[in-house]
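First up is the structure itself, then whatever we jot down about it.
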Amino acid sequence: MAIRINDAFPYPYVIPQAGSETGGVALVIIDMQKDFVEPGGFGEALGNEVTPLQTIIPTIKRLLDTFRALGLPVVHTREAHQADLSDCPPSKLKRGNADLRIGDDGPMGRILIDGEPGNTIIPELAPITGELELTKPGKGAFYQTRLHDYLEERGITHLVLTGVTTEVCVQTTMREANDRGFECLLVEDGTESYFPAFKKATLEMITAQGGIVGWTASAASVIAALTSDEMKDL
Ligand code: TIU
């Protein structure tokens with residue numbers, strides 16, 4: 001039986017039963033890697049104060065625990081480049097005026113390079129067996145990854161999005177997903193930005209015009225809906 005998040009914004013978000021004609025739902029956790037949420041990584045190299053991003057960790061963990069308990073799919077992404085930087089366009093490498101750039105040696109290893117200590121997902125949210133951990137060279141999680149195929153193969157049509165940063169990798173991913181036909185909900189307290197005003201603006205622009213890109217809701221609303229009696233049949 002489908003269930004509804006009645007207090008989603010701008011109107012109720014309906015999550016279909018897994019395996020039904022309209023598919024199922026997955027949790028997508030964007031770039032909760034040390035590079036962005038701990039000092040010494042890419043986020044700090046760009047001039048940001050990173051600790052505000054840590055406030056969402058317990059909230060995402062509650063969502064993660066709920067999806068795991070229900071046996072629902074979870075996708076983790078990391079913004080990462082290959083060691084030889086062959087997947088990093090020169091425009092991305094050169095952008096800005098940071099002292100530490102992508103590929104440079106930083107306090108947590110080479111900045112934004114796959115396999116380096118700073119590029120790992122924070123331990124609180126570390127993937128477990130059966131969950132997809134994707135590296136992505138861009139801001140969006142669909143660009144040069146197998147995410148679309150992975151979701152299609154599993155009949156997933158609805159995405160619950162979390163992670164960092166709201167207006168960069170999360171919003172880009174949500175827009176990519178929306179264009180590919182996925183019904184997307186961004187968890188209000190499961191995403192964060194270095195710029196509070198940008199987070200607020202992102203939530204507003206996504207849901208404006210009747211949900212032009214999708215929905216938002218609190219983690220508590222998502223968890224309550226997922227653990228309602230109807231979903232126990234999943
Ligand atoms: N700088 C910034 O806000 N974000 C990124 O560079 N990547 C992600 O959002 N993951």
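Note that ligands are numbered from 1 as they come in the structure, with each ligand's atoms numbered from 1 the same way. All values reported here derive from a predicted model rather than from experimental measurement. Counting begins at 1 with the first residue of the sequence.
- Set against the non-hydrogen atoms of C169, the atoms of ligand 1 under 4.0 Å away are 7 (N), 8 (C), 9 (O), 10 (N).
- When only modelled atom types and interatomic distance are considered, E188 and S218 share no side-chain donor-acceptor pair under 3.5 Å.
- I15 places a side-chain heavy atom less than 4.5 Å from the side chain of I5.
- The residues R175 and D179 are annotated as not salt-bridged, no charged nitrogen and carboxylate oxygen being separated by less than 4.0 angstrom.
- Between K139 and ligand 1, at least one N/O pair is under 3.5 Å apart.
- With 3.5 Å as the limit, one finds a donor-acceptor pair spanning the side chains of T51 and E49.
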Inset, instruction - Step by step, work out the salt bridge (charged side-chain N to carboxylate O under 4.0 Å, His left out) result for K200 and E167. - result: CA-CA 9 Å; K200 183 170 179 291; E167 78 282 10; over 6 Å; no

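- In this structure, of D35, T165, L46, T77, the residue bringing a heavy atom nearest to atom 9 (O) of ligand 1 is T165.
- Side-chain atoms of T191 and T166 include a donor-acceptor pair closer than 3.5 Å.
- Among all protein heavy atoms, the one lying closest to atom 5 (C) of ligand 1 is F36 CE2, 3.5 Å.
- For ligand 1, the atoms sitting less than 4.0 Å from at least one non-hydrogen atom of V164 are 8 (C), 9 (O), 10 (N), numbered in the order shown with element in parentheses.
- Here is the list of ligand 1 atoms found below 4.0 Å of a heavy atom in F42: 6 (O).
- Remark: ligand 1 and V170 share no N or O pair separated by less than 3.5 Å (distance only, no angle test).
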Legend entry - Stepwise salt bridge (charged side-chain N to carboxylate O under 4.0 Å, His left out) check, R78 with D114: CA-CA 8 Å; R78 281 186 287 120; D114 189 19; 2.8 Å; yes

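- Considering backbone and side-chain atoms alike, E79 places an N or O below 3.5 Å from some N or O of ligand 1.
- Within ligand 1, counting atoms from 1 as listed, the ones closer than 4.0 Å to a heavy atom of D31 are 8 (C), 10 (N).
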